[in-house]
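Step one of this worksheet: look at the structure below.
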Amino acid sequence: QVQLVESGGGLVQAGGSLRLSCAASGRTLSRYIMGWFRQAPGKEREYVAAISWSGGWTYYADSVKGRFTGSSDSAKNTVYLQMNSLKPEDTAVYYCAAQEFGSTWNYWGQGTQVTVSS
């Protein structure tokens, strides 16, 4: 059982930056991979990034590679998504999720809105 709360969304101009946070609570969090997803109106949910709690493993979608960076702070039970060089097409609700190794993304936060203006 994992509880996830996202924060850090907001409105920025193209080229700007935001850092999203996902605070996690629950038992044995080290067993989980933390992921970031986003969904814009009328579009499918996109798997954006993921990171292990140690930070030793990361994943980035091609659409954000080189611009977004995931990180983790196991002492604070928090993962982050640093988003740089933001583009209007990055506008979406961003969700964090947790996947137990060998399982599925079965724990989700409620999302935080990111809006990038041109």
Side-chain angles (χ1 to χ4, degrees):
Q1 185 171 329
V2 177
Q3 308 279 343
L4 305 174
V5 180
E6 303 98 333
S7 62
L11 173 64
V12 297
Q13 294 187 9
S17 299
L18 284 174
R19 188 179 74 161
L20 305 183
S21 299
C22 177
S25 62
R27 294 183 296 174
T28 60
L29 294 179
S30 62
R31 295 181 60 86
Y32 293 84
I33 296 169
M34 303 300 298
W36 290 97
F37 296 77
R38 67 186 182 187
Q39 188 164 27
K43 298 182 179 179
E44 294 183 345
R45 185 175 62 192
E46 181 183 11
Y47 181 25
V48 173
I51 188 169
S52 63
W53 280 106
S54 68
W57 175 86
T58 57
Y59 162 83
Y60 300 100
D62 288 342
S63 58
V64 306
K65 193 171 298 181
R67 300 187 297 119
F68 291 11
T69 303
S71 62
S72 62
D73 186 341
S74 59
K76 295 182 178 180
N77 291 335
T78 301
V79 296
Y80 306 92
L81 186 67
Q82 179 67 45
M83 306 185 296
N84 298 326
S85 301
L86 284 163
K87 304 174 181 179
E89 51 262 45
D90 295 319
T91 296
V93 177
Y94 284 71
Y95 301 89
C96 65
Q99 177 193 56
E100 189 171 9
F101 296 126
S103 186
T104 61
W105 300 101
N106 51 6
Y107 298 100
W108 295 83
Q110 298 222 23
T112 185
Q113 176 71 47
V114 171
T115 302
V116 184
S117 63
S118 59

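Residues: numbered from 1 along the sequence shown.
- Contact check for Ile33 versus Trp53: no side-chain heavy atoms found under the 4.5 Å cut-off.
- Within the 4.5 Å cutoff, side-chain heavy atoms of Ser63 are placed close to those of Arg38.
- Cluster membership check: Tyr59 shares its hydrophobic cluster with Phe101, using side-chain heavy-atom separations under 4.5 Å among Ile, Leu, Val, Met, Phe, Trp and Tyr.
- Summarising the geometry, atom OH belonging to Tyr60 is positioned 5.0 Å from atom OG1 belonging to Thr69; distances are rounded to the nearest 0.5 Å.
- Within the 4.5 Å cutoff, the side chain of Ile51 has no heavy atoms near those of the Trp36 side chain.
- Distance check, rounded to the nearest 0.5 Å: OG of Ser7 to CZ of Arg19 gives 9.0 Å.
- Residue Gln13 holds its CD atom at 5.0 Å from OG of Ser117, rounded to the nearest 0.5 Å.
- The side-chain heavy atoms of Thr112 and Val93, taken from C-beta on, include no pair separated by under 4.5 Å.
- No side-chain N or O of Ser71 forms a donor-acceptor pair with one of Gln82 less than 3.5 Å apart.
- Of the N and O atoms on the side chains of Thr78 and Asp73, not one donor lies less than 3.5 Å from an acceptor on the other residue.
- Closest non-hydrogen pair, Gln39 versus Arg45, comes out as NE2-N, 3.7 Å.
- Nearest heavy atom pair, residue Ser103 against residue Asn106, reads OG-ND2, 3.8 Å.
- For the pair Leu86 and Leu18, the tightest heavy-atom approach, listed with the atom from each and the gap, is CD1-N, 3.9 Å.
- A pairwise comparison of heavy atoms in Pro88 and Ser118 identifies CG-CB, 4.1 Å as the closest pair.
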Let me see the working for Trp105 and Tyr47 under ring pair (Phe, Tyr, Trp, His ring centres under 6.0 Å), right down to the final yes or no. CA-CA 11 Å; Trp105 300 101; Tyr47 181 25; 5.5 Å; yes
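- Partner of Tyr80 under the side chain to side chain contact (heavy atoms under 4.5 Å, CB included) criterion, chosen from Cys96, Ser72, Ser21, Cys22: Ser21.
- Ring-centre distance between Trp108 and Phe37: below the 6.0 Å cut-off.
- Here the options are Leu20, Val116, Val64, Asp90, the test is side chain to side chain contact (heavy atoms under 4.5 Å, CB included), and the partner is Met83; only Leu20 passes.
- The structure places CE of Met34 at 12.0 Å from OG of Ser74, a figure rounded to the nearest 0.5 Å.
- Between Gly111 and Glu6, the closest heavy-atom pair is N-OE1, 2.8 Å.
- Ser85 places no side-chain N or O within donor-acceptor distance of the main-chain N or O of Arg67, the cut-off being under 3.5 Å.
- There is no path of hydrophobic side-chain contacts, each under 4.5 Å, that joins Tyr95 to Val2.
- The minimum heavy-atom distance between Asn84 and Ser17, with the atom names listed, is OD1-OG, 2.9 Å.
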